[in-house]
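Working notes, structure below.
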Amino acid sequence: MSITPFQQACYDLLVQVPTGRVTTYADIARALGSKAYRAVGSAMKHNPHPIIVPCHRVVNSDGRLGQYAFGAAQKQALLMAEGVQVVDGKIVEFDRLRFYF
DNA sequence: CTCATGACTTTTT
DNA sequence: AAAAAAGCCATGA
């Protein structure tokens with residue numbers, strides 16, 4: 001499987017996000033000095049190690065969950081299992097749980 | 001090289 | 001407030 005440098009950079013940042021915290025596609029892109037938020041989503045989709053790389057902790061900039069390779073329902077279940085409260089598809093206290101690089 | 005596409009975001013209706 | 005349009009950029013064909 002081939003992983004591009006961009007994808008690898010995304011994963012390297014993502015593993016820094018602690019359990020019970022979240023980050024956004026835009027934040028990752030910004031941390032990489034770019035605005036490729038869509039490409040970040042693509043990178044997550046191609047995540048080679050779903051367990052090592054916590055791609056379920058990456059959400060939309062407005063606090064909504066967004067998509068997930070194994071289904072949005074699974075993403076929400078994983079987050080809630082980590083203590084993240086989700087109501088009506090949005091993260092509660094989003095600004096507080098957000099991890100800042 | 002050019003073209004279309006998407007786990008997105010911001011601006012404008 | 002809610003929906004539509006426009007903008008963004010890495011990736012694969």
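Order of the sequence lines fixes the chain letters, A, B, ..., with proteins taken first and strands second; residue numbering starts at 1 for each chain.
- Partners of Phe70(A) by side chain to side chain contact (heavy atoms under 4.5 Å, CB included), not counting sequence neighbours, listed by chain and number: Pro50(A), Tyr68(A), Gln74(A).
- Here CD of Gln7(A) is found 7.5 Å from OG of Ser42(A). Values are rounded to the nearest 0.5 Å.
- Cluster membership for Leu65(A) and Val92(A), using ILVMFWY side-chain heavy atoms within less than 4.5 angstrom, is not shared.
- No donor-acceptor distance shorter than 3.5 angstrom exists from the side chain of Arg98(A) to the backbone of Val22(A), with no hydrogens or angles considered.
- Counting heavy atoms from C-beta outward, Leu97(A) and Val84(A) have side chains that approach closer than 4.5 Å.
- The structure places CG of Leu79(A) at 5.5 Å from CD1 of Ile91(A), a figure rounded to the nearest 0.5 Å.
- Under the 4.5 Å side-chain heavy-atom criterion for grouping Ile, Leu, Val, Met, Phe, Trp and Tyr, Leu78(A) is not connected to Val59(A) through any hydrophobic cluster.
- A heavy-atom distance below 4.0 Å to DNA chain B is reached by these residues of residues 44-58 of chain A, ordered by number: Met44(A), Lys45(A), Cys55(A).
- Comparing Arg38(A) and Ser2(A) by the nucleotide of DNA chain C that holds the closest heavy atom to each, the one mapping nearer the 5' end is Arg38(A).
- In summary, contact between chain A and DNA chain C, defined as any nucleotide atom under 4.0 Å from a heavy atom of the protein, begins and ends at dG7(C) to dT11(C) in the 5' to 3' direction.
- Side-chain N or O atoms of Lys75(A) include one that pairs as donor or acceptor with a backbone N or O of Val58(A) at under 3.5 Å.
- On the nucleic acid side, DNA chain B contacts chain A at distances under 4.0 Å to non-hydrogen atoms, with the end points of that region at dG6(B) to dT10(B).
- In this structure, OH in Tyr37(A) is found 12.5 Å from CG in Asn60(A), a value given to the nearest 0.5 Å.
- Linking Ile, Leu, Val, Met, Phe, Trp and Tyr whenever their side-chain heavy atoms come within less than 4.5 Å puts Leu32(A) and Phe99(A) in one cluster.
- Within 4.0 Å (heavy atoms only), Ser42(A) reaches no atom of the nucleic acid at all.
- The distance from atom OG1 of Thr24(A) to atom CG of Asp62(A), rounded to the nearest 0.5 Å, is 10.0 Å.
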Worksheet item: When you look at Arg21(A) and Glu82(A), which way does the salt bridge (Lys or Arg N to Asp or Glu O under 4.0 Å) test go after all the steps?
Response: CA-CA 8 Å; Arg21(A) 304 284 305 277; Glu82(A) 296 185 346; over 6 Å; no
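- Within the 4.0 angstrom heavy-atom criterion, base atoms lie near Tyr68(A).
- Across all strands shown, Ala69(A) has heavy atoms under 4.0 Å from base atoms, whether or not it also approaches the sugar-phosphate.
- A heavy-atom distance below 4.5 Å is found between the side chains of His46(A) and Tyr11(A).
- Within residues 84-101 of chain A, no residue places a heavy atom under 4.0 Å from DNA chain B.
- Annotation: the span from Gln8(A) atom CD to Leu13(A) atom CG amounts to 10.5 Å, rounded to 0.5 Å.
- How far CD of Gln67(A) is from CE of Met44(A): 14.5 Å, rounded to the nearest 0.5 Å.
- Paired regions of DNA chain C, where each region holds three or more successive Watson-Crick or G-U pairs whose two hydrogen-bonding distances fall under 3.5 Å, are B:2-6 with C:9-13, B:8-13 with C:2-7.
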